[in-house]
There are 2 protein chains.
Amino acid sequence: MEVIRRNTEYAIRALVHLAANREAVASAWEIAGSQDVPVEFLQKILQKFVKRGIVDSHRGAQGGFSLAKEPGEVTLLEVVETMQGKLAMNRCFLGRDGCPRSPNCPLKQNWLRMEEQIASHMAGITLQDLVDQVRESSRFEVRGERQ
Amino acid sequence: MEVIRRNTEYAIRALVHLAANREAVASAWEIAGSQDVPVEFLQKILQKFVKRGIVDSHRGAQGGFSLAKEPGEVTLLEVVETMQGKLAMNRCFLGRDGCPRSPNCPLKQNWLRMEEQIASHMAGITLQDLVDQVRESSRFEVRGERQ
DNA sequence: CTATTTAAGACTATTATAGTCCTGTATTAG
DNA sequence: CTAATACAGGACTATAATAGTCTTAAATAG
Ligand code: FES
Ligand code: FES
């Protein structure tokens, strides 16, 4: 079972791309090409971030997308939640027809704690961190350390 | 996005049922009825636990299923993994065509840590805990404390 | 022997995700 | 002003995952 969906993965890659070339405007076509993502699909994805104010869009010739915030300000949590909404372990357990049945169910507490753990973990990672790491590993690759 | 699937939820309910009536043999039909789960579907589910040695099956008339282990020995983690396999955040990030591209990717470490957190949390909850809690809450209900 | 109940696999239905396409509108180079 | 460029938004299709059903066989209690 996979928690992070494909489009979320695409989104992260695209945002890392934007964060790496801060201030520059990149078209969806350009990003898609460099990240192996279907263009039209990527546009759809980026639109969500535009609405959230995380990405700026620029129409017309020479237009495209750019990061609206500092890379250090955008957390993985924001990105993931923009794509797939709040992560939920399960709406209900041990209740036959929805959670309200057992308001004091112990699993509910456990699910919530797990959700919080994941969320706070993701909230601690920013695009800047990812960009830095990408630079790190490509430094290795340049020295001929492939695989 | 939901991490726990429907059939896993059914499985937990069914196992709690079995754990509550320890030693007794309950037919799939009986369990399904008491837990609002499609019978045939539940059979499929229980078969998985039989194979894992968590549940014993008894064919023929008056047959059914019973818990093969002590309720305190069966963890939520086992149950969830029996149904949906190991929980994975995502097989890969920031690599275009699979994880091997960046063996030292930072997200990989983060995903692993999150997976471990969830797993250890689930490993700390047993069927016994759930049965106890169900008894707790029904005690409240009996006193007329509905909602 | 017969009614009951699980085992196993094939099959279908439903829903979620992924991906495409088309039409419109803003922007800007020329 | 015009034409090319590139995003906006919605409708649409395809694919895959999940959920659920059905059918046949094998075991067992009475
Ligand atoms: S009964 Fe709804 S979360 Fe436990
Ligand atoms: S590149 Fe595969 S997990 Fe990061």
> Are any of B:Y10's side-chain N or O atoms less than 4.0 Å away from OP1 or OP2 of D:dG20?
Replying inline: yes
> Would you say C:dT15 has OP1 or OP2 under 4.0 Å from some side-chain N or O of B:R6?
Replying inline: no
>> Near DNA chain C, counting only heavy atoms under 4.0 Å, which residues of residues 61-68 of chain A show up?
In response: A:A61
> OP1 or OP2 of C:dG24 less than 4.0 angstrom from a side-chain nitrogen or oxygen of A:R59, does that happen here?
Replying inline: no
> Will you find, in the side chains of A:D129 and A:Q133, an N or O donor that is under 3.5 Å from an N or O acceptor?
Replying inline: no
>> Between C1' on D:dA19 and CD on B:Q43, what's the gap in Å once rounded to a whole number?
In response: 16 Å
> A:V80 and A:L87: side-chain contact (heavy atoms from CB on, under 4.5 Å), yes or no, with the steps?
Replying inline: CA-CA 9 Å; A:V80 170; A:L87 182 100; 6.0 Å; no
> How many Å lie between CG on A:L18 and P on D:dC7, as a whole number?
Replying inline: 11 Å
>> Is there a path of hydrophobic side-chain contacts, each under 4.5 Å between heavy atoms, that joins B:I45 and B:V25?
In response: no
>> I want to check something: taking the side chain as every heavy atom from C-beta on, are B:M114 and A:M122 in contact at a cut-off of under 4.5 Å?
In response: yes
> If you round to the nearest 0.5 Å, how far is CD of B:E73 from CD of B:E78?
Replying inline: 9.0 Å
> Would you call A:R13-A:E9 a salt bridge at under 4.0 Å N-O?
Replying inline: yes
> Can you tell me which stems DNA chain C forms when a stem means 3 or more consecutive Watson-Crick or G-U pairs under 3.5 Å?
Replying inline: C:1-30 with D:1-30
> Has the side chain of A:Q84 got a donor or acceptor atom that lies under 3.5 Å from a matching backbone atom of A:R5?
Replying inline: yes
> Roughly how many Å is it from CD in B:E2 to P in C:dT15, rounded to a whole number?
Replying inline: 15 Å
>> I want to confirm an ordering. Mapping A:G60 and A:V39 to their closest nucleotides on DNA chain C, which one lands closer to the 5' end?
In response: A:V39
>> Please report the distance, rounded to the nearest Å, between NZ in B:K44 and P in C:dT12.
In response: 14 Å
>> Strictly below 4.0 Å: does B:S57 bring a side-chain N or O up to OP1 or OP2 of C:dA7?
In response: yes
> Do B:L127 and B:L67 have side chains that get closer than 4.5 Å, going by heavy atoms?
Replying inline: yes
> Is A:K48 touching bases, backbone alone, or none of the nucleic acid, heavy atoms closer than 4.0 Å?
Replying inline: nothing
> How long is the line joining CZ of B:F49 and P of C:dA8, in whole Å?
Replying inline: 15 Å
>> Could you tell me if the side chain of B:I118 sits less than 4.5 Å from the side chain of A:M89, heavy atoms only?
In response: yes
>> Nearest whole Å is fine: how far is C:dC21 C1' from A:L42 CG?
In response: 16 Å
> CD1 of B:I45 versus C1' of D:dT18: gap in Å, rounded?
Replying inline: 11 Å
> For the pair made of CZ in B:R5 and C1' in D:dA17, what is the distance, rounded to whole Å?
Replying inline: 8 Å
